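The next block holds one structure in the form of structure tokens; read it before the comments.
Numbered from 1 within each chain, the chains take letters A, B, ... in sequence-line order. What's counted below: heavy atoms across the whole structure, side chains too, no hydrogens, waters or symmetry copies. Predicted, not measured: the structure shown is a model, and the values here were computed from it.
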2 protein chains.
Amino acid sequence: MNVHLDPFDPFDRDFESIEAIADTISQILQCPVTIEDSNHRLLAYSTHAPDTDPVRIATIIGRRVPEHVISMLWREGIIEQIMGSQVPVIIEPIDSIGLNRRIAVAIRHHQDILGYIWVMDEHQGIDEQGLDDLNKASHAARGKLLQVQTQRRRREEQSFEFFWGMLTGSMDSEHRIVDRAHQLGITLPKSYRIMIIEFDTLLNEKLYEQVLYTIHTAQRHRKVLHVRQEQRLLVLIDATDEDMDGHIAAWMLLMERMQQRFGVKPIHLTSGLSYSLYMDVVKSYQEAITVMNMKKHLPEEMRHLHRYEELGWYRFLPTMMQERRARPMKHLSLSKLKEYDKEHQSGLVSTLSIFLQADCNVKRAAEMLHIHSNTLMYRLKRITDIGGIDLNDMEQKISLYLELKMDQWQS
Amino acid sequence: MNVHLDPFDPFDRDFESIEAIADTISQILQCPVTIEDSNHRLLAYSTHAPDTDPVRIATIIGRRVPEHVISMLWREGIIEQIMGSQVPVIIEPIDSIGLNRRIAVAIRHHQDILGYIWVMDEHQGIDEQGLDDLNKASHAARGKLLQVQTQRRRREEQSFEFFWGMLTGSMDSEHRIVDRAHQLGITLPKSYRIMIIEFDTLLNEKLYEQVLYTIHTAQRHRKVLHVRQEQRLLVLIDATDEDMDGHIAAWMLLMERMQQRFGVKPIHLTSGLSYSLYMDVVKSYQEAITVMNMKKHLPEEMRHLHRYEELGWYRFLPTMMQERRARPMKHLSLSKLKEYDKEHQSGLVSTLSIFLQADCNVKRAAEMLHIHSNTLMYRLKRITDIGGIDLNDMEQKISLYLELKMDQWQS
DNA sequence: ATCCGCTTTGTGAAATTACACAAGGCGGAT
DNA sequence: ATCCGCCTTGTGTAATTTCACAAAGCGGAT
């Protein structure tokens, strides 16, 4: 049912806009068309569409492809197929999400994917010639998308600079920050936090793109600003609603997805406190860093914690460590035990540590150590004898506990 | 047996030195003579002494009156008698300390006592005329002693300035400090500490003199430098031997004596760590201040502690408080308990505090609280319910313990 | 007065824990 | 090989702790 009869290439001309390209494709193929950027954000869609499916409606309304659709397309391997193919790909309908039959082609520039053209082809009216036209259209769209991309890149550069300025505390006043945000067209939330996502490898250009792709396609989270730093991604997120537990959980899920799709593995995810003054970005950032360090030094204790406010008394550890470094004083009892341990390979210190962690419950501690409780009793007696420790004295136990935690941090 | 026959006053002339005065008195009275300053330090003694007692020998050898002699003289009220009397005072022999009969007169300038003249009068050979001569001698000595005093005052001024410079960290290098000490004739010990003695009243000129008198007459302690500051006396003491426990104990005793003699009551006595570099005076001073603050905020816990190294984990408290003030985050469980306490006047928080201090031993804590142990059990159940606290979790208990200590500090 | 929730104290049974003692393993020194 | 100090495990008993329940006091509300 195609209506082009002459060998003349309808896409060999300058289009004034991406919308014009979409409309042209739609006219030629007589099908609804949408054009997206690389993050599945809507760039243009054909008007006068004869009929359209729920997914297309949702995409146009939300100005991006719905998250669950992207998820499904990934799960079915369709996105990878499109990204890997130089020619249009036919996608069979997926009724469960209301997706009709369509044809998709990637818009590329060398290796990079700039976006996608989607054509709804419910009645399978597109023939070989149509696919060829679509291919030509994708070439024609490249120029326009490159423009969009460079524009976005420029804006991103500026936002990076702005964000770094806040992170390093080099912005000198609150209203300067707000003004600058306004200038850049960034709407700052009432309340925010700084979040750090650390990966197991250096975030090179490609990985970075992939990470951002994952984040961008999940519209659930409002990520206002972000910047990359070696193995880390620093993000300023909206903290206005303050269902932070759910918030973090959602991000964790996102990280999981990232690993599934690209094999990029975020190892840690931490966040500072929430603030409303943007002069406090430095503070929130420092807090996130503190949590990050804590996770590295005390992985066991920090296993399920991500936010600074969850640290409990551990938030005092860094400053305590500082104090200890400034005035190194060895704990008399502990150093005696350590000495004994060194001479007799006898793990009294670790026994003590676990005993304390088990709330001084002999039974529990013995189980944790996989030893008989009388063995533990014996060791405890040795500990009290050698170290001159009274295990019925809270003061001493606190002292030991803190000291042990600090030792653990340093090792 | 006196040998002056003419009414001519032998003390109505200029003496070239204090020794000359001592010799002149000795010649006239035919007795051994010693002249001391107000702190019982030897200034001069007559030569050609016919006979002399153990105390005099010890005084001359040690260049000061032995401590136990001064103690005895105070105990017998003799020093006070001499200080209060305008005329020579006869002191009967005290055999237990080897003190023969002697006559003493204070050298005074207006109200101030500049020193003392002591005359050994074993054979009671001094008559009215002799006492009168002694009086005249004391007037004659005044000028010389004033010279000595002003000299000492000048040197003290300089040492104050020097010490303050170190305390405030305004000395810029180690060798500058050592040079300056050399210049002032101060021999700095290899290792030192800063000690703070705080009194219950402002240290006015008079009290200050009395305090110094007590310290000076106790030669046991080597006090190198000192300076007064409102209610405090700051002292740099020799820490080379490092029998600090005994050292502090001795100072405590000294303080006791001070109270007995003058009613000046030192309330706190604290010391920083010992250092050997004199650039570290600031540190030791800061540490002493820290201990002082600690004693004020947590008197119970610090009752028997004086030195920074005895603080144990408490040395982290100030920096923890700082952190807490920087980021005020209320402890969820504790604030619930506090709220409940406020509504029901039910001391759950204090119960918890004591329970923790009693090492979570129900029996012990119940005794401390003067309640039945089941009452405590009941309250503990309420605490776990209301505060959502698991009292079998060391982490939580540590958190609570630290938080409670910080609360206590702030209140 | 009466009720009700909160608290304290007392009692006794059940569970847990501490402790003394015995037996044996392990490794280094003689 | 033998001894010895150090460590581990097992057993049984004594002591302690925990817990459920009863009784009753107290203060505020109805």
**Prompt:** Between A/K296 and A/E198, is there a side-chain N and carboxylate O pair less than 4.0 Å apart?
**Reply:** yes
**Residues B/D407, B/R324: salt bridge by 4.0 Å N-O rule** = yes
**Request:** Using atom NE2 of B/H370 as one end and atom C1' of C/dT8 as the other, report the distance to the nearest whole Å.
**Result:** 16 Å
**Prompt:** If each of A/Y378 and A/N374 is mapped to the nucleotide of DNA chain D with the nearest heavy atom, which maps nearer the 5' terminus, i.e. the 5' end?
**Reply:** A/Y378
**Separation of atom CD in B/Q345 from atom P in C/dT7, rounded to whole Å** = 11 Å
**Item:** Selected nucleotide, minimal atom distance to B/T375 side chain, candidates C/dT8, C/dT17, C/dA20
**Value:** C/dT8
**Item:** Pairs touching residues 321-348 of chain A that satisfy ring pair (Phe, Tyr, Trp, His ring centres under 6.0 Å), sequence neighbours left out
**Value:** A/Y340-A/H344
**Prompt:** Over how many whole Å does the gap from B/I371 atom CD1 to C/dG10 atom P extend?
**Reply:** 12 Å
**Message:** Tell me whether B/E309 is salt-bridged to B/R193, with the criterion being a basic N under 4.0 Å from an acidic carboxylate O.
**Reply:** yes
**Complete:** A/K381 NZ to C/dT17 C1', in whole Å, measures 14 Å
**Item:** Distance, rounded to the nearest Å, where B/H344 contributes NE2 and C/dC4 contributes C1'
**Value:** 13 Å
**Prompt:** Which comes earlier along DNA chain C counting from the 5' end, the contact point of B/L348 or that of B/H372, where each point is its nearest nucleotide?
**Reply:** B/L348
**Prompt:** Between A/Q286 and A/Y308, is a side-chain hydrogen bond (donor to acceptor under 3.5 Å, both in side chains) present by the stated rule, with each step listed?
**Reply:** CA-CA 10 Å; A/Q286 279 304 327; A/Y308 188 81; over 6 Å; no
**Message:** Tell me the interatomic distance from A/E343, atom CD, to C/dG27, atom P, rounded to whole angstroms.
**Reply:** 19 Å
**Separation of C/dT17 C1' from A/F355 CZ (nearest whole Å)** = 12 Å
**Item:** Salt bridge B/E323-B/R327, side-chain N to carboxylate O under 4.0 Å
**Value:** yes
**Asked** Is there a donor in the side chain of A/Q408 and an acceptor in the side chain of A/E301, or the other way round, less than 3.5 Å apart?
**Response** yes
**Message:** Looking only at the side chain of A/M377 (C-beta and beyond, no hydrogens), which of the listed nucleotides C/dC6, C/dT9, C/dA18 gets closest?
**Reply:** C/dA18
**Message:** Whole angstroms only, please: what is the CG-C1' distance between B/L380 and C/dT7?
**Reply:** 14 Å
**Complete:** 5'-most to 3'-most nt of DNA chain D touching chain B (<4.0 Å, heavy-atom partner on protein side) reads D/dT17 to D/dA20
